[in-house]
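Both ligands and their constituent atoms are indexed starting at 1 by order of listing.
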Amino acid sequence: MKNLINSEDLNLNEIEKLFLLADKMNKKQKKYDESLKGFVIATLFYEPSTRTRLSFESAIQKLGAGLISTENAKESGSAKKGESLEDTIRIIQGYADMIILRHFDNDSSEIALKVASVPIINAGSGNGEHPPQGLLDLYTIRQYKKEIDNTTIAIIGDLKNSRTVHSLIKLLCLYKNITIYGLSIKGLELPQKYVEYINNHNSKFIICKSFSEIPSSVNFIYQTRIQIERIENKNLSIEDIILNKERFSRFSQNTFIMHPLPRLNEISTDLDDDKRSIYFQQAHNGIPTKMALIYSIIKDFYKNKKHF
Ligand code: CP
């Protein structure tokens, strides 16, 4: 694997190898400390981020690579002066051995890839994809359920704009016997192309009109926030899709709550102490999965060129 642009770039074999490596990274094996010494990696973010940028930057430093970073490239970079994304990539690839890009355009990573001479990781593109989040979500599912085959998951909230949902769906569809329940509010339903993707990959998508239609035995509830920054109607009522203690009480002791975060009020904070609320652990899984991802891509891309 030399880049990660879309979740479809990954196959089962690559994911399994990445997760085994992430397990080793999680055990803090000394072998990987300083393993990327001499490389420099750039994080180029045109949209706000806490988890993705800082977990990438932590992973980069844990691997011993150097870091150059622009956290608000839209305002503080030369995009503000009218520089194209292509030119920015052409410049940064002279300073860094890998570029991790978050951008407001859905096709930004494909555009970057066309001109790039260094690996590109898509760390979130518009309302399209967010493959590193999809990977850490899948790693979390594997951590709590052991096998990913035969998973049932309810995805809830802004299914139209949640790029993390779109990436996770594509990754889940690589596995056997996946059932996805969808609960959203009017206008923010899962786009038809993802419904067709699920149906075309031997998985099931079942639309639910309320929480009560989600089976109480579902393995995971994956809640998302309404992406106010991407929608015109800022006054949507989300009352019917808020997960609170009362609504969660009928679910199994083996139903886990996930959320890519940040959350607003779609998961009430009184659920935070429930051992089935795994969203903070999920966010922390960003470190081993990103360490494994960066290491694997750099190793593959530079195998004949640098110290591998
Ligand atoms: N989950 C996620 O992408 O969070 P950030 O926007 O904070 O990176």
Inset, instruction - Test side-chain hydrogen bond (donor to acceptor under 3.5 Å, both in side chains) on Y46 and S108 and set out the steps. - result: CA-CA 11 Å; Y46 290 79; S108 48; over 6 Å; no
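- The distance from ligand 1 to the heavy atoms of R102 drops below 4.0 Å at these ligand atoms: 3 (O), 5 (P), 6 (O), 8 (O).
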Inset, instruction - In sequence, state the C-alpha distance, the side-chain angles, and the governing distance for D274 and S277, and then conclude on side-chain hydrogen bond (donor to acceptor under 3.5 Å, both in side chains). - result: CA-CA 5 Å; D274 193 304; S277 295; 5.0 Å; no
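- Residue contacts with ligand 1 for L261 involve N, CA, C or O but no side-chain atom from C-beta outward (heavy atoms, distance under 4.0 Å).
- Taking every heavy atom of T50 and a limit of under 4.0 angstrom, the matching atoms of ligand 1 come to 5 (P), 7 (O), 8 (O).
- Aromatic ring pairs are classed by plane angle as parallel below 30°, tilted from 30° to 60° and perpendicular above 60°; the pair Y194 and H166 is parallel.
- A side-chain N or O of T140 and one of N285 form a donor-acceptor pair less than 3.5 Å apart.
- Here is the list of ligand 1 atoms found below 4.0 Å of a heavy atom in P260: 1 (N).
- The nearest non-hydrogen atom to atom 4 (O) of ligand 1, considering only Q282, H259, R51, comes from R51.
- In this structure, E47 falls outside the shell of residues with a heavy atom less than 4.0 angstrom from ligand 1.
- Residues K145 and T151 bring a donor and an acceptor atom of their side chains to less than 3.5 Å of each other.
- The pair D9-K2 does not meet the salt-bridge criterion, since no charged nitrogen lies less than 4.0 angstrom from a carboxylate oxygen.
- The distance from ligand 1 to the heavy atoms of H130 drops below 4.0 Å at these ligand atoms: 3 (O).
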